[in-house]
Number of protein chains: 2
Amino acid sequence: MILAKKKIFTDFALSKGLRSTRQRDIILDIFLSTHQHISVEELYLKVKSSTPDIGQATVYRTLKLFAEAGLAREILLHDGQTRYEHVVAGEHHDHLVCTKCNSIVEFENETIEMLQNEIADRHGFQIRNHKLEIYGLCANCR
Amino acid sequence: MILAKKKIFTDFALSKGLRSTRQRDIILDIFLSTHQHISVEELYLKVKSSTPDIGQATVYRTLKLFAEAGLAREILLHDGQTRYEHVVAGEHHDHLVCTKCNSIVEFENETIEMLQNEIADRHGFQIRNHKLEIYGLCANCR
DNA sequence: TTGGTTTTGATAGTCATTTTCAATAAAACA
DNA sequence: TGTTTTATTGAAAATGACTATCAAAACCAA
């Protein structure tokens, strides 16, 4: 799992002509050791406590690279700090979100995906990805 | 429609003990005359061209009030600017979002809605609302 | 109109993020 | 291996969106 992610970054670096550096290796290790989503500042503090000579700017730069490489994703909440979450291979972006207990059920529906493609075509739009969130009350909470 | 929105704000102002001011009236008029979503800066420019003596800080403050009153909603894209969109009763939340120029096209598809209902039923889920965002490149940017 | 309170505009301040740039380190080359 | 080339780094300055400050102006009840 972690090796696969490291390979994704190695391949990305290769394809972009990026160099392999100690800083990037360390930041990637630490990012991969986290769960859920983490703010740049939080990650920087972790990095700093493990390797004090790595600068904040490098953490910012490197996280953007991870996002570009497709192994992290920027998340915007309403507190002005950018956070990053892991991109999980094969994950679906279709969720039933319970607004009471915050539980999330992931689903998949081919017909919906097909209709999305149709709609995009009709607008000359080229799809990269999508997110469908249905909010409401789950079976336990209603 | 517009009158209804104005009433929402008037009621909100009343309940909060806020005063009715020329600036808020003008900003509300201009906000209601826009479509889709608009950044604070964009709205400020519109306001300034109509009434040059209204300051930027007031536009920021007033838009936050609109959001609090429930007639606007903050949107975060990835360009660091906060945008506001109209809260429409019974509105649709299905969008094609261009990741390059940030343009948004709203669409509606009954079949998708129907399928969502089916999926929700299957999980014993009671839908309150939903959001479907398709990210990619619009016709102009691809 | 007056008096108390809210709102405003200008501006200074804040804070996350980005840019700059000289120093350093990685890859390419000899 | 040493040398050259070029990317990367850290520190600090710059940027840019947004917020706080505060004296002046506007609002509104009496």
Side-chain angles (χ1 to χ4, degrees), chain A residues 6 9-31 37-69 72-84, chain B residues 9-31 37-69 72-84 102:
Chain A
K6 289 194 179 182
F9 188 63
T10 307
D11 291 349
F12 171 78
L14 200 68
S15 76
K16 288 278 182 178
L18 302 180
R19 291 181 177 172
S20 157
T21 71
R22 177 178 134 273
Q23 287 86 336
R24 287 176 181 158
D25 289 346
I26 292 170
I27 295 170
L28 181 53
D29 273 339
I30 294 179
F31 176 66
H37 53 80
I38 189 166
S39 72
V40 185
E41 184 65 19
E42 285 164 349
L43 191 65
Y44 168 59
L45 291 177
K46 279 178 185 286
V47 167
K48 204 167 110 184
S49 75
S50 112
T51 317
D53 63 326
I54 293 182
Q56 200 182 26
T58 300
V59 176
Y60 271 96
R61 286 187 280 236
T62 305
L63 283 172
K64 292 203 110 176
L65 285 180
F66 293 170
E68 208 184 329
R73 184 185 300 118
E74 276 192 5
I75 305 206
L76 303 174
L77 302 181
H78 287 260
D79 65 348
Q81 286 197 241
T82 300
R83 288 158 190 280
Y84 287 86
Chain B
F9 187 65
T10 306
D11 291 349
F12 171 79
L14 201 67
S15 76
K16 289 278 182 179
L18 301 178
R19 291 182 177 170
S20 156
T21 70
R22 185 176 70 84
Q23 286 87 338
R24 288 177 180 157
D25 289 346
I26 291 170
I27 295 171
L28 180 52
D29 274 338
I30 294 179
F31 175 66
H37 57 83
I38 189 166
S39 72
V40 185
E41 184 64 21
E42 285 165 349
L43 191 65
Y44 168 59
L45 291 177
K46 278 178 186 285
V47 167
K48 204 167 110 182
S49 76
S50 113
T51 317
D53 63 328
I54 293 182
Q56 199 183 27
T58 300
V59 176
Y60 272 97
R61 286 187 281 235
T62 306
L63 283 172
K64 293 202 110 179
L65 286 181
F66 293 170
E68 207 183 330
R73 184 185 299 119
E74 275 192 7
I75 305 203
L76 301 174
L77 303 180
H78 290 260
D79 65 347
Q81 286 197 244
T82 299
R83 288 158 192 278
Y84 287 85
N102 287 324

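Lettering follows sequence order; numbering is per chain, from 1.
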With the side chain counted from C-beta on, respond yes when [X] and [Y] share a heavy-atom pair under 4.5 Å apart, and no when they do not.
X        : Y        : answer
Gln56(A) : Glu41(A) : yes
Phe31(B) : Val47(B) : no
Ile75(B) : Thr82(B) : no

Go through dG10(D), dA20(D), dT8(C) for me and flag the one nearest to the Thr58(B) side chain. dT8(C)

What's the closest nucleotide to the Ala57(A) side chain, out of dA16(C), dA12(D), dG9(C)? dA12(D)

What integer distance in Å separates [X]:[atom1] from [N]:[atom2]?
X        : N       : atom1 : atom2 : value
Tyr60(B) : dT11(C) : OH    : C1'   : 15 Å
Glu42(B) : dC18(D) : CD    : P     : 11 Å
Arg61(B) : dA20(D) : CZ    : C1'   : 9 Å
Glu74(A) : dA16(C) : CD    : C1'   : 12 Å
Lys64(A) : dT19(C) : NZ    : C1'   : 12 Å
Tyr44(B) : dA17(D) : OH    : P     : 13 Å
Leu65(A) : dA7(D)  : CG    : P     : 14 Å
Gln56(B) : dC18(D) : CD    : C1'   : 9 Å

Measure the angle between the two terminal helix axes of the helix from dT1(C)-dA30(D) to dA30(C)-dT1(D), five base pairs each, and quote it to 10°. 30°

Salt-bridge test for Asp25(A) and Lys6(A): reply yes if a basic N is under 4.0 Å from a carboxylate O, no otherwise. no

Among Ile27(B), Ile30(B), Val59(B), Thr51(B), whose side-chain contact (heavy atoms from CB on, under 4.5 Å) with Lys46(B) holds? Ile30(B)

Got a sec? Which of residues 17-28 of chain B come in under 4.0 Å of DNA chain C, heavy atoms? Leu18(B), Arg19(B), Thr21(B), Gln23(B), Arg24(B)

